[in-house]
Amino acid sequence: MKQFFGIVLIGALVGQSVSIKCYSCKDYTASCSKQRDCSYDDACLTLYERGGMTYRQCLKYSDCEYNRLGQMFPQVSSFSFKCCNSDLCNSAPSRAAISLIGLLVALLGTWLIR
């Protein structure tokens, strides 16, 4: 019985250090499909350059900070970013979600005009 609980405890500890998967690409189209297994202490980064380029990759979670990213991406002058820590969380927004947001904005605009 003690061996069973030992095995369960070891399994739980090993399970906590499991890595995540992130999309990994650099493009203007937001149609990234390449996936990568990251390290256990990584997050998924999505960095949006003001000119339209989007970078998706694994990144140490401790580096998810504006000044640090500015040093890591010196070729990018102005950007916003998002770091997340679940599988494939740095995907592009779906077309359905974008369409729904557009529809909601149009309805809100129509309602405000009346």
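The structure presented is a predicted model; accordingly, all values stated were derived computationally and were not measured.
Atom CZ of F79 sits about 13.0 Å away from atom OG1 of T46, to the nearest 0.5 Å. We find the CZ-SG distance between R36 and C25 to be 12.5 Å, quoted to the nearest 0.5 Å. Rounding to the nearest 0.5 Å gives a distance of 13.0 Å between CG of N90 and NZ of K21. Remark: Q57 CD to M72 CE distance equals 6.5 Å, nearest 0.5 Å. Rounding to the nearest 0.5 Å gives a distance of 8.0 Å between SG of C22 and CG of D87. Taken to the nearest 0.5 Å, the SG atom of C64 stands 4.5 Å off from the CG atom of L59.
Of all heavy-atom pairs between C89 and K82, the closest is O-NZ, 3.3 Å. Annotation for C83 and Y61: closest pair CB-CE1, 4.5 Å, computed over non-hydrogen atoms.
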Yes or no on side-chain contact (heavy atoms from CB on, under 4.5 Å) for Y23 and K34, after CA distance, side-chain angles and deciding distance? CA-CA 6 Å; Y23 286 104; K34 183 178 175 187; over 6 Å; no
K26 vs M53, side-chain contact (heavy atoms from CB on, under 4.5 Å): CA-CA, chis, key distance, verdict: CA-CA 7 Å; K26 175 179 126 178; M53 180 69 75; 3.5 Å; yes
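Residues Y48 and Y28 fall into different hydrophobic clusters, defined by Ile, Leu, Val, Met, Phe, Trp and Tyr side chains chained together at heavy-atom separations under 4.5 Å.
Aromatic ring centres of Y55 and F73: separated by under 6.0 Å.
Between C38 and C44 the SG-SG gap reaches or exceeds 2.5 angstrom.
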